[in-house]
Amino acid sequence: MDRLTIQVFGQLADIVGSSTCSIDHVADTASLQQMLFTKYPLLKQKKFMVALNNKIIKENTPIGEAAAIALLPPFSGG
Amino acid sequence: MDQENRYHRQEILKGFGKQCQQLLSAAKVLVIGAGGLGCPVLQYLAAAGVGTLGIADDDVVNLTNLHRQVLFDESDVGQRKAEVAAEKLRSMNTAISIGAYSQRVTPQNVLGLFEGYDVVVDCTDNFPSRFLINDACVHHGLPLVWGAVSEFEGQVAVFNWRGSGNYRDLFPEMPAAGEVASCAEAGVLGVLPGVIGSMQAIEVIKLITGVGSPLVNQLLTYRALDNQFLILDYEPVKGTEEVFGSRSYEPVCWPTDTASNGSSNTAAHTDIQGTTTPTQLDWEGFEQLTREDGVTLIDVRDLHEEPEIRAFKHIRVPLYELDELLAEISHGKIIFVCQTGMRSMQASLLAADKGLQVFSLKGGIQSMKDRFETSPS
């Protein structure tokens, strides 16, 4: 399967080093999180939402091919 | 002045008409925070003819506000925002009624402030206020039009509309201390809150008039740098208990000089979990410590960031690569620096977890550029 491209928003991009990152395809969102934490340990300290195909995911969900993934932190600024 | 034609251009809109205009005129909207988001929200709602507007803000106009808070001008610096905003809006539209509350929302006053309003708009700049306002809206059964910005990005959502999801369905708990940088720390492009605030004003008008479909159970995100707009769906968590009154809304941010409620505290302190948080250093403490033996200075900024440090011996390792380096350091003191003091604090937390004695320069390199750029003589 193709690699997964992930859109990274806000200050999470400082951790990942860019506003997109790419990882090997994983089966589901739980493995995705695991993979991200291994690659970017600082993410463990952050609260963020995971969106899969434009839906915010709370429970483990299978990731199909050509999935659109986004990591979104909360913003407080006004 | 004869006001009859005032709203002509929006009254002739298909599906809007005089009827929607009357709904706006009868509506009462409370805007909390008269800053970057609050200014456009207030200006557009006043211009659109929302009959009653409340403005709650305890702050005064600061020179650093003017690049984004377009209701204010230089002569307003030092004046109370709520009062200045109310005065300007009254001259924009004499037919509407405007109330100014120069106070901070607190668990004690929030329900009283909400009394009589139909819609609340969250334009605040900190998490405690945002969670408080959300919980109070759920408690009071009021719809909340929410917006937030950071750097070049923004988010918009409508919460608690006819039983819809609310802020805690997206973020159940407040982020921990220092997890998210504020605009004062990370910066914000001046126009950005203009975009997000304008979208909030549109959502308010949609709720009042029933025109279109508001961002219910959806979060809109906007990134200005590449014009990325996403609308993300979410499902409200079913059967959650109401939390207003049972949570603490104490500020969870690290003290910074720029935060409105900030106090100057550089000593290490113990948080509720009983673990020691890293020590924040002021310039004197920093300079003194760098003269000691066995101290490593680590710059955790990305490699492209300027200015380069010339005045101190240091290692440069971007935050996201720090883990590998830390695995090699087993003892000694480490001082972390970054541009603003936020990433260095994150780095400190990471290193403190490994049992190292760590320090972070408060305010970062940005606050004392010259002292870092100069080569040692």
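Chain naming here is simple, since letters A, B, ... match the order of the sequence lines and numbering starts at 1 in each.
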In this structure, CZ of B/R301 is separated from CG of A/D14 (nearest 0.5 Å) by 12.5 Å
In terms of heavy-atom contacts, does CD of B/Q228 have more than 12 from other residues, nucleotides or ligands at under 6.0 Å? yes
Note: vs chain A, highest number of non-hydrogen pairs under 4.5 angstrom among B/L37, B/D233, B/L170 is B/D233
Nearest heavy-atom contact between B/Y234 and A/I56 is CB-CB, 4.0 Å
CD (A/Q45) and CG (B/L349) are apart, to the nearest 0.5 Å, by 5.5 Å
For A/A51 and B/L232, the nearest pair of non-hydrogen atoms, with its separation, is CB-CD2, 3.7 Å
- Message: Are there over 12 heavy-atom neighbours, none belonging to B/F171, within less than 6.0 Å of that residue's CZ?
- Response: yes
Between A/S19 and B/R223, the two heavy atoms sitting closest are CB-NH1, 3.6 Å
Salt-bridge contact A/K58-B/E235 (side-chain N to carboxylate O under 4.0 Å): no
Value for OG (A/S76) from CD (B/Q155), rounded to nearest 0.5 Å, stands at 10.0 Å
dist B/I231:CD1 -> A/N54:CG (nearest 0.5 Å) comes out at 9.0 Å
Given B/G154, B/A347, B/G147, the one with more heavy-atom pairs under 4.5 angstrom with chain A than any other is B/G154
Practice task
Given side-chain contact (heavy atoms from CB on, under 4.5 Å), test B/L230 with A/F9 step by step and report yes or no.
Solution key: CA-CA 11 Å; B/L230 292 179; A/F9 288 88; 3.7 Å; yes
For a side-chain contact (heavy atoms from CB on, under 4.5 Å) check, start with the C-alpha distance between B/T221 and A/L72, then their side-chain angles and the critical distance, and finish with the verdict. CA-CA 9 Å; B/T221 78; A/L72 306 114; 3.3 Å; yes
Taking B/R68 for its side chain and A/G78 for its backbone only, find out whether a donor-acceptor pair lies under 3.5 Å.
no
**Prompt:** With no hydrogens and no angle check, do the side chains of A/Q11 and B/R343 hold a donor and an acceptor under 3.5 Å apart?
**Reply:** no
Here the gap from A/K55 atom NZ to B/Q218 atom CD, rounded to the nearest 0.5 Å, amounts to 11.0 Å
Note: A/F75 and B/Y167 closest approach over all heavy atoms is O-OH, 4.2 Å
### Query
Are any side-chain N or O atoms of B/Q346 and backbone N or O atoms of A/I15, one a donor and one an acceptor, separated by less than 3.5 Å?
no
